[in-house]
Structure formats: C-alpha cells, structure tokens
S.K.: 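Quick one: structure below, then a few questions.
As the structure lists them, so they are numbered: ligands from 1, and atoms in each ligand from 1. No hydrogens, no waters, no symmetry mates; every other heavy atom, side chains included, goes into these values.
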Amino acid sequence: MARAEDEVLTPPLDVEAVRAEFPILSRTVHGKPLVYLDSAASAQRPRCVIDATSRFYSEYNANVHRGVHQLSVEASEAFERSRQLVRDGLNASSEREIVFTRGATEAINLVAQAWARPRLRPGDEIIVSTMEHHSNIVPWQLVCEQTGAVLKPAPINDRGELRVDELEALITDRTKLIGLVHVSNALGTVNPVERVCAMARERGIVTVIDGCQALPHTAVDVRAIGCDFYAFSAHKMYGPTGIGALYGRESLLEAMPPWQGGGEMILRVSFEGTTYNELPHKFEAGTPNIAGAIGMGAAFEFLDRIGIDAIAAHEQDLLTYATERMQAIDGLRILGTAEHKGPVISFVVDGAHANDIGTIVDHFGVALRTGHHCAMPVMQFFDVPATARVSFGCYTTRAEIDTFLDALNHARTMLA
Ligand code: PMP
C-alpha cells in the first residue's frame with residue numbers, strides 16, 4: 001500500500017541496544033544464557049528504572065508531602081513528577097485523575113469498594129468477560145456479596161475473542177458496570193475496548209478497563225478509549241513491583257468516598273469530623289511506595305524513549321514468527337488465536353503436562369510460565385487444567401525463540 005507523504009515510518013527497534021540496558025539479561029541460568037519469556041507475569045527492569053529507585057534511596061530519601069526540609073521537598077517533587085508522567089503516558093486530562101496504588105489489583109478493588117459498593121442495590125448487575133484475570137473477577141464477586149448485585153460473565157469464542165454481540169445482549173437496565181481486560185494475559189487477545197466503552201457510555205454504564213498487558217505493548221489513550229477507569233501495574237511495563245495506578249474520570253473520583261483512612265488522605269481531623277484531602281490524595285492513605293512511584297515514572301520515560309510503536313512492531317514480528325513455528329509442531333495446540341493479539345502465546349502439548357514442560361526448558365535457561373495464569377475461567381472454557389505460556393518484551397529476540405523451540409523439542413522427546 002502506498003504511504004501518504006506525511007506518514008511517519010517507525011524506525012526499527014535496535015534490540016541489541018535495548019538489551020544492553022537490562023543488566024539481568026547478561027546472566028546465565030543452569031549454565032545457559034537466560035532466555036526470559038515470562039514478561040507477561042513480570043517484565044525485567046532497565047538500568048534507568050533501577051537507577052531512579054536507587055537514586056531516591058541514596059540521594060534524597062524522605063517521606064513525601066508535609067515536609068519542609070529539602071529532602072522531603074525533593075522526594076515530593078520526584079513523586080509528583082511521576083504522576084505527571086503517568087498522566088502523559090495515559091493521556092489523562094489531569095494529575096487529579098491518577099491515583100497511585102499497589103498495582104492493578106488494588107486499583108480495581110478501589111473502584112469496587114469506593115464506586116460500586118455505595119451505589120449498587122440488590123439485583124443490579126456487573127458484566128465482566130470470561131477472559132478476565134482473577135483481579136477483575138473476585139473484587140466484583142466480593143462487592144456482589146456485599147450489595148446483593150449480580151455478576152454476569154460475557155462469553156468468548158473458540159479463538160478466545162470476546163463475543164461483543166453477546167455482551168451487548170447481556171446488558172439490561174440494571175447493568176451498572178462493565179469490566180474488561182484490554183489485552184488478555186492468558187490468551188493475548190486484544191479487546192475492542194473503545195467499542196465496548198462506547199456501548200456502555202450510551203447507556204450510562206461505568207467501565208473499568210484492566211490495562212496491565214496493554215501498556216507495555218501499545219499506546220494507551222484513556223480519552224480515546226472512552227473508559228471511566230483504567231487500571232495497571234508498573235511491573236508489567238518495566239517498572240518496579242508493588243506500584244501501579246488507577247486512572248479515574250475526575251467527576252467520578254470526586255463523587256466517590258475514600259476507601260481507606262489514615263494519613264495523607266485528610267485535610268483536617270478532629271473527633272467532631274474529618275475533611276478529606278483533594279484528588280488524588282483522598283485515595284492514597286498512608287505513606288506511599290515512593291521509590292516505586294519514582295521508578296514507575298522512569299519506566300514511562302523508558303517506553304517513551306524507546307518508542308512504543310517500534311516496540312509494538314518488533315513484538316508483533318516475534319509473535320508471528322513464534323506462532324508460525326509453533327503451529328508446525330505436531331500435537332501442540334495454541335489457545336488464543338484471536339485476530340488481534342498481544343505478544344503472548346499460551347499452548348498445550350499432547351501427553352505433556354505444562355509444568356513438566358516448564359521445568360525441562362528451565363534447564364536450558366528458558367523461563368516460561370505454566371499454570372492457570374490467574375484466569376481459571378479461561379482454562380475451564382478451553383477444558384484444560386493449565387497451559388504453558390511464552391510472552392515477549394522489547395528485549396526478546398528471534399534467536400531466543402529458536403532456543404525456546406529447541407528446548408521444547410527436548411521436552412517433548414523426554415515426555416513422549
Ligand atoms: N490483570 C492482568 C491482565 C494481569 O496480567 C495481571 C498480572 N498477571 C493483573 C491484572 C494483576 O496485576 P497485579 O498482580 O500486579 O496487581
């Protein structure tokens with residue numbers, strides 16, 4: 001197809017230069033070079049993220065906000081600068097819409113407890129897809145128990161794609177909230193989040209998108225998606241563990257009560273009554289994960305510097321390469337063959353348990369994940385107890401996929 005003159009071509013990713021930024025990639029495992037194919041569970045960290053967190057501890061460690069001394073001022077500035085980086089990374093309208101949390105799980109629980117719990121009445125309905133991570137199922141089950149609301153699963157097809165028409169058919173005038181994963185960690189499916197959010201918005205239904213597996217692989221624009229809430233964890237996108245954020249539309253956050261009480265989230269406390277802090281601090285009780293937040297900001301800068309479009313193109317190439325080679329293997333079945341996928345391949349092999357495959361390939365230095373991937377309803381749908389899963393990041397190479405496939409062949413021979 002001819003390109004328009006003003007169309008910008010994405011320069012290819014310099015994978016070796018990217019790899020050089022990740023110290024861990026030079027280590028060996030069982031005497032073999034590490035082949036890390038478990039980025040969907042947790043990505044590795046580049047030097048800039050490691051340095052940003054260690055600089056905080058070694059140069060300006062102090063508690064944030066409230067402090068008048070220099071270290072506290074510097075820590076507060078760096079902490080709030082990260083919030084701006086997250087706002088820019090998601091294209092949110094304001095930092096008031098960015099609440100720091102421990103990760104996606106806490107972000108979704110926050111919505112469940114502070115938005116849903118005070119509003120839901122017995123018989124109200126929440127819809128989530130069948131391919132959700134447990135963190136976008138269980139918080140809703142809890143809030144249903146607390147309020148008498150009902151949780152309805154929206155089905156997927158044999159390729160692991162959301163059946164949007166069936167989701168639409170589930171909507172009634174009692175539907176108050178729809179939760180949907182942007183990119184499935186178990187199947188790789190990229191969901192039509194814009195379409196589902198538009199469908200919900202027309203009917204006044206609130207939307208919660210789980211963006212854990214989207215941010216490391218694709219540009220995310222919460223305003224273009226049109227969601228009300230967007231949750232993610234930094235450790236999937238090259239940032240630290242134990243930190244993430246919830247984007248929430250300001251008008252909704254404003255109307256929500258705090259969900260945890262303590263320091264930071266108040267303006268004034270007395271036994272006669274307490275006034276809560278401004279957004280987003282109202283939802284950030286207690287001393288936050290300061291180093292984590294600063295590292296998360298560095299991770300957004302890293303993605304920006306490397307270029308998310310270049311990363312996406314590189315990972316899609318790996319996905320196509322690995323998928324084609326794996327499809328040629330006798331007795332191997334890929335679960336999740338959606339038209340639009342992130343760089344995740346879940347698979348089962350006839351006669352071999354996923355855990356045995358994982359253990360054998362580990363001896364070749366290959367790290368992959370086995371199990372239910374915190375998505376048991378997906379396993380039930382495909383009628384398997386577990387899958388093995390390889391997932392790729394900006395540092396993954398075709399040569400690593402070849403090493404994995406050789407190791408997999410050994411495993412198949414041993415287990416046959
Ligand atoms: N959603 C998805 C799609 C995920 O992949 C994960 C992590 N596996 C989570 C939610 C939960 O993330 P965390 O445990 O960091 O809160």
S.K.: Do Gln146 and Gln113 meet the criterion of a side-chain donor-acceptor pair at a distance under 3.5 Å?
M.R.: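 Yes, a side-chain donor-acceptor pair sits under 3.5 Å.
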
S.K.: Show me the pairs that pass salt bridge (Lys or Arg N to Asp or Glu O under 4.0 Å) and involve residues 360-386, at least two apart or across chains.
M.R.: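 The answer is Asp38-Arg369.
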
S.K.: Would you say Arg203 has more than 12 foreign heavy atoms packed within less than 6.0 Å of its CZ?
M.R.: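 Yes, because the 6.0 Å sphere around CZ of Arg203 holds more than 12 heavy atoms from other groups.
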
S.K.: Of all the atoms in ligand 1, which lie at a distance below 4.0 Å from a heavy atom belonging to Asn185?
M.R.: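 With Asn185 as reference, the close atoms of ligand 1 come out as 3 (C), 5 (O).
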
S.K.: So His133 and Gln213, side chain to side chain donor-acceptor pair (under 3.5 Å) or not? Walk me through it.
M.R.: CA-CA 11 Å; His133 187 278; Gln213 302 291 342; over 6 Å; no

S.K.: Please could you name the atoms of ligand 1 that Gln213 approaches to less than 4.0 Å, counting only its heavy atoms?
M.R.: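 Listed by number with element: 3 (C), 4 (C), 5 (O).
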
S.K.: Starting from atom 4 (C) of ligand 1, what is the nearest protein heavy atom, named by residue and atom, and what distance separates them?
M.R.: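 Sorting protein heavy atoms by distance from atom 4 (C) of ligand 1 puts His133 CD2, 3.4 Å first.
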
S.K.: Taking 4.0 Å as the limit for heavy-atom contacts, which would you say applies to Thr105 with ligand 1: side chain only, backbone only, both, or neither?
M.R.: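 Under 4.0 Å from ligand 1, Thr105 contributes backbone and side-chain atoms.
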
S.K.: When you measure from atom 1 (N) of ligand 1 to every protein heavy atom, which one gives the shortest distance, and what is it?
M.R.: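 Heavy-atom neighbour on the protein nearest atom 1 (N) of ligand 1: Asp210 OD2, 2.5 Å.
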
S.K.: Side chain or backbone of Val181 under 4.0 Å from ligand 1, or both, or neither, by non-hydrogen atoms?
M.R.: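 Within the 4.0 Å criterion, Val181 contacts ligand 1 through side-chain atoms alone.
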
S.K.: Can you pull out the closest protein heavy atom to atom 10 (C) of ligand 1? Residue, atom name and distance to 0.1 Å, please.
M.R.: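 For atom 10 (C) of ligand 1, the nearest protein heavy atom is Ser135 OG, 3.1 Å.
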
S.K.: Using heavy atoms and a 4.0 Å limit, tell me yes or no: is His235 in contact with ligand 1?
M.R.: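 His235 counts as a contact of ligand 1 under the 4.0 Å cut-off.
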
S.K.: So is Ala104 in contact with ligand 1, going by heavy-atom distances below 4.0 Å?
M.R.: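 Within the 4.0 Å threshold, so yes.
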
S.K.: Please report, to 0.1 Å, the donor-acceptor pairs under 3.5 Å made by any side chain of residues 333-340, with sequence neighbours excluded.
M.R.:
none

S.K.: Taking the non-hydrogen atoms of Lys236, is any one of them nearer than 4.0 angstrom to ligand 1?
M.R.: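 Yes, that is the case, since the closest heavy atom of the residue is under 4.0 Å from the ligand.
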
S.K.: List ligand 1 atoms under 4.0 Å from Ser233, heavy atoms only on the residue side.
M.R.: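 Every atom of ligand 1 under 4.0 Å from some heavy atom of Ser233: 12 (O), 13 (P), 15 (O), 16 (O).
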
S.K.: Between Ser346 and Thr387, is any side-chain donor less than 3.5 angstrom from a side-chain acceptor?
M.R.: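 There is such a pair (donor and acceptor under 3.5 Å, judged by atom type) between the side chains of Ser346 and Thr387.
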
S.K.: So Phe100 and Phe79, do their side chains get closer than 4.5 Å, heavy atoms only?
M.R.: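 The answer is yes, as the side chains (C-beta and beyond) meet within the 4.5 Å cut-off.
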
S.K.: Start with the C-alpha distance between Ile178 and Val128, add both sets of side-chain angles, then the distance that settles side-chain contact (heavy atoms from CB on, under 4.5 Å), and finish with yes or no.
M.R.: CA-CA 6 Å; Ile178 296 176; Val128 296; over 6 Å; no

